[in-house]
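These notes are about the structure you will find just below.
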Amino acid sequence: MTATKGRRQRHPQAPSEKRRYQVKRAVFAVCLILLAAALATLGTWQVERLAWKRDLIARVDQRVHAAPVPAPTRADWSKVNAADDEYRRVTAVGMLANDKETLVYASTILGPGYWVMAPLTLADGTSILVNRGFVPTDRRDPASRREGELSGPVEITGLMRMTEPKGSLLQSNDVAADRWYSRDVAAIAEKRGISAVAPYFIDADATANPGGPPVGGLTIIAFPNNHLLYAITWYGLAAMVLALLVFILRGEKAAMKRSG
């Protein structure tokens, strides 16, 4: 009779139990593979976004440094769009309606204050809303800066900007109370009774006003570009998931060899 004392007997798994284990392992492996694929897809999307952002920055930089062109007239208003026109240097000649100016809250390198938005009436009777520049809080009252309210025909040169409807990210415009946190062209035009207004506005350049404020040329052009970092993060997470899968499979394979 063969002695078995001191020797551990192995009890093989029942076929049904073993099959359930194999199915669970396969499902887990598939889930990890799908997760890695999803993370890699997000990484690829960020790479595509990176290419788009670099192209946008290059196009805007070219527009900003190009010679100014006439601002689009009414016949071309329907064609104006952010992709083709945002930050384009333009010029327009007309009469400033200083009595219809609107103050829009602003925070600039000169401190807190307001953008002075005034309609520029063109020879054809249409108007373009112009951001003439910045005034500090203590110059909010037009009476404190009468010298800067230009009369007669003026030529405005600056950057085309797209309307900013409803308000800022933090604060909505209060049209009834005449409190503005964004340069909403349509709402400002309606509030001031300005008809036939262009669907864009112009940020005046740094050309000094003869009478002082407002101060133009404070447009900040900045496009956050973290897409490369995001792509590396997503690809890194995908690699970690695949490494985890390989580690688990190798561990199971080593365990099977030991038990065999």
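Quick note: residue numbers are just sequence positions, from 1. Just so it is clear, the values below take in all heavy atoms, side chains as well, and ignore hydrogens, waters and symmetry mates.
- In this structure, the side chains of I188 and F201 stay at 4.5 Å or more apart for every pair of heavy atoms.
- By the rule that hydrophobic residues join a cluster once side-chain heavy atoms approach within less than 4.5 Å of another member, L129 and V93 end up as members of separate clusters.
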| field | Working for side-chain contact (heavy atoms from CB on, under 4.5 Å), residues M160 and V80 | value | CA-CA 10 Å; M160 274 186 68; V80 172; 3.9 Å; yes
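- In this pair, F134 and W115 present their aromatic rings perpendicular. The plane angle is above 60°, beyond the 30 to 60° band.
- Residues W45 and R49 meet the side-chain proximity criterion, which asks for heavy atoms closer than 4.5 Å.
- Heavy-atom neighbours of R146 CZ from other residues, nucleotides or ligands within 6.0 Å: above the threshold of 12.
- Residues D61 and Y87 have side chains not in contact (no heavy-atom distance under 4.5 Å, counting atoms from C-beta outward).
- Between N131 and R161, every side-chain heavy-atom pair lies at or beyond the 4.5 Å cut-off.
- To the nearest 0.5 Å, atoms OG1 (T44) and CG (L39) are separated by 11.0 Å.
- Here the side chains of R132 and N209 are in contact, with some heavy-atom distance below 4.5 Å.
- The salt bridge (Lys or Arg N to Asp or Glu O under 4.0 Å) test applied to R88 returns D85, not counting sequence neighbours.
- Nearest heavy atoms, A204 versus I156: CB-CG2, 4.4 Å.
- Both V69 and I202 are part of a single hydrophobic cluster, where members link through side-chain heavy atoms under 4.5 Å apart.
- Considering only residues two or more places apart in sequence or on other chains, D124 meets the salt bridge (Lys or Arg N to Asp or Glu O under 4.0 Å) condition with none of them.
- Interatomic distance, CD of Q46 versus OH of Y235, reported as 9.5 Å (0.5 Å rounding).
- For T207 and D205, the side-chain atoms include at least one donor-acceptor pair closer than 3.5 Å.
- Taking CD1 of I33 as the start and CG of L242 as the end, the distance is 7.5 Å to the nearest 0.5 Å.
- The shortest side-chain heavy-atom distance between S144 and D138 does not fall under the 4.5 Å cut-off.
- Considering all non-hydrogen atoms of both residues, K100 and P119 come closest at O-CD, 3.7 Å.
- Of all non-hydrogen atoms in I128 and A92, the two that sit nearest each other are CD1-CB, 4.1 Å.
- When all heavy atoms are compared, the tightest approach of D178 to W180 is OD1-NE1, 2.6 Å.
- Atom OH of Y230 has 12 or fewer neighbouring heavy atoms from other residues, nucleotides or ligands inside a 6.0 Å radius.
- The structure places CG of L237 at 12.0 Å from CD1 of I232, a figure rounded to the nearest 0.5 Å.
- Using a 4.5 Å cut-off between side-chain heavy atoms of Ile, Leu, Val, Met, Phe, Trp and Tyr, with links allowed through other members, I221 and W52 fall into the same hydrophobic cluster.
- T157 and P68 get closest at one heavy-atom pair: CG2-CB, 4.1 Å.
- The distance from atom CZ of R54 to atom CG of L228, rounded to the nearest 0.5 Å, is 6.5 Å.
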| Step-by-step salt bridge (charged side-chain N to carboxylate O under 4.0 Å, His left out) determination, D99 to R192 | CA-CA 9 Å; D99 59 325; R192 296 290 179 259; over 6 Å; no
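- Within the 4.5 Å cutoff, the side chain of P136 has no heavy atoms near those of the L110 side chain.
- In the hydrophobic clustering of this structure, Y181 does not group with V185; members are Ile, Leu, Val, Met, Phe, Trp, Tyr whose side-chain heavy atoms approach within less than 4.5 Å, directly or through other members.
- Between the side chain of E86 and the main chain of M162, a donor-acceptor pair closer than 3.5 Å is present.
- N173 contributes atom CG, which lies 10.5 Å from atom OG1 of T102 (distance to the nearest 0.5 angstrom).
- No donor-acceptor pair under 3.5 Å is formed between the side chain of N98 and the backbone N or O of A118.
- Using modelled atom types, one side-chain atom of D141 and one backbone atom of A143 make a donor-acceptor pair closer than 3.5 Å.
- In this structure, L245 is a member of the same hydrophobic cluster as W234, with clusters built from ILVMFWY side-chain heavy atoms closer than 4.5 Å.
- Residues V116 and L103 meet the side-chain proximity criterion, which asks for heavy atoms closer than 4.5 Å.
- Just one residue in the list R139, E101, R140 forms a side-chain hydrogen bond (donor to acceptor under 3.5 Å, both in side chains) with Y114, and that residue is R140.
- Panel note: side chain N226, backbone L229; no donor-acceptor pair is recorded below 3.5 Å.
- Minimum interatomic distance between V197 and A189 (heavy atoms only, all atoms of both residues): CG1-CB, 3.6 Å.
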| request: Give the intermediate values and the outcome of side-chain contact (heavy atoms from CB on, under 4.5 Å) for residues R89 and L159. | output: CA-CA 5 Å; R89 289 189 71 206; L159 301 178; 3.5 Å; yes
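- Through direct or indirect side-chain contacts shorter than 4.5 Å among Ile, Leu, Val, Met, Phe, Trp and Tyr, M95 is connected to no other residue.
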